[in-house]
Amino acid sequence: QVQLVESGGGLVQTGGSLRLSCAASGRTISGYGMGWFRQAPGQEYEFVAAMSWSTGGTFYADSVKGRFTISRDTAKNTVYLQMNSLKPEETAAYYCASRGSPTSSRSPASYDYWGQGTQVTVSS
């Protein structure tokens, strides 16, 4: 059984930084596309960042380009999301997801395993 466990969320002031981790078990991250999404209360899932295993390419939502970085440590079977210069409107639950393909996707529907989420709150 595949499990994804996020950690690293918390309360941070505007302009601050957080590093989220997503530890995978039951499936190696090697060979699969991984993504980060966020969901604010009453809102749909919003794409944040994704990584393609097949190419190593990374993709970001326009709103986070230059501030967020997705990375991986295959030895630890963990994916990370470094978030800098955080804004209050980025307060949300952040989720990592894994899809059964080596490519990445911006669509939440294309991911088949999800973590439980970690809350990020950015105070103004």
Quiz item: Do you know which two heavy atoms are closest between Q39 and Q43, and how far apart they sit?
Solution: NE2-O, 3.0 Å

Quiz item: How are the rings of F37 and F47 set to each other: parallel, tilted or perpendicular (split at 30° and 60°)?
Solution: perpendicular

Practice problem: Measure the OG-NZ distance between S63 and K87 for me, rounded to the nearest 0.5 Å. | Solution: 7.5 Å

Quiz prompt | Heavy-atom closest contact (Y32 atom, S98 atom, distance) | solution = CB-OG, 4.0 Å

Practice problem: Taking atom types as modelled, find out whether N84 and S17 have a side-chain donor-acceptor pair closer than 3.5 angstrom. | Solution: yes

Quiz item: Distance only, no hydrogens: is a donor on one side chain within 3.5 Å (strictly under) of an acceptor on the other, for R106 and S110?
Solution: no

Donor-acceptor contacts under 3.5 Å from residues 3-12 side chains, at least two apart:
residue : atom : partner : partner atom : Å
E6      : OE1  : Q116    : N            : 3.0
E6      : OE1  : G117    : N            : 2.9
E6      : OE2  : C96     : N            : 2.9
E6      : OE2  : G117    : N            : 3.3

Quiz item: What distance separates R19 CZ from T69 OG1, expressed to the nearest 0.5 Å?
Solution: 11.0 Å

Exercise. Any chance you could measure M83, atom CE, to F68, atom CZ, to the nearest 0.5 Å?
Key: 5.0 Å

Quiz item: Do V122 and V64 share a hydrophobic cluster (ILVMFWY, side-chain heavy atoms under 4.5 Å, transitive)?
Solution: yes

Quiz item: Does the side chain of L86 reach to within under 4.5 Å of the side chain of T14, using non-hydrogen atoms?
Solution: no

Practice problem: State, with a plain yes or no, whether a side-chain heavy atom of V120 is found less than 4.5 Å away from one of R38. | Solution: no

Quiz prompt | Over all atoms of both residues, closest heavy-atom pair of A40 and A92 | solution = N-CB, 3.8 Å

Practice problem: Nearest 0.5 Å please: distance from the OG atom of S52 over to the CZ atom of F59. | Solution: 6.0 Å

Practice problem: Nearest 0.5 Å please: distance from the CE atom of M51 over to the OG atom of S104. | Solution: 9.5 Å

Quiz item: Measuring from L20:CG to T78:OG1, what's the distance to the nearest 0.5 Å?
Solution: 12.5 Å

Practice problem: Treat each ILVMFWY residue as a node, draw an edge where side-chain heavy atoms are under 4.5 Å apart, and state whether L81 and L18 are in one component. | Solution: yes

Quiz item: Hey, are the side chains of R67 and E90 touching, using non-hydrogen atoms and a 4.5 Å cut-off?
Solution: yes

Quiz item: How about Y60 and V48: do any of their side-chain heavy atoms sit closer than 4.5 Å?
Solution: no

Quiz item: Y80 versus R72: any side-chain heavy-atom pair under 4.5 Å?
Solution: no

Quiz item: Does a side chain donor of either S101 or T103 reach within less than 3.5 Å of an acceptor in the other side chain?
Solution: yes

Quiz item: Could you walk me through whether Y95 and Y45 pass the ring-ring contact (aromatic ring centres under 6.0 Å, His included) check?
Solution: CA-CA 9 Å; Y95 298 86; Y45 282 111; 5.4 Å; yes

Quiz item: Do M34 and Y111 share a hydrophobic cluster, counting only Ile, Leu, Val, Met, Phe, Trp and Tyr and linking them when any side-chain heavy atoms are less than 4.5 Å apart?
Solution: no

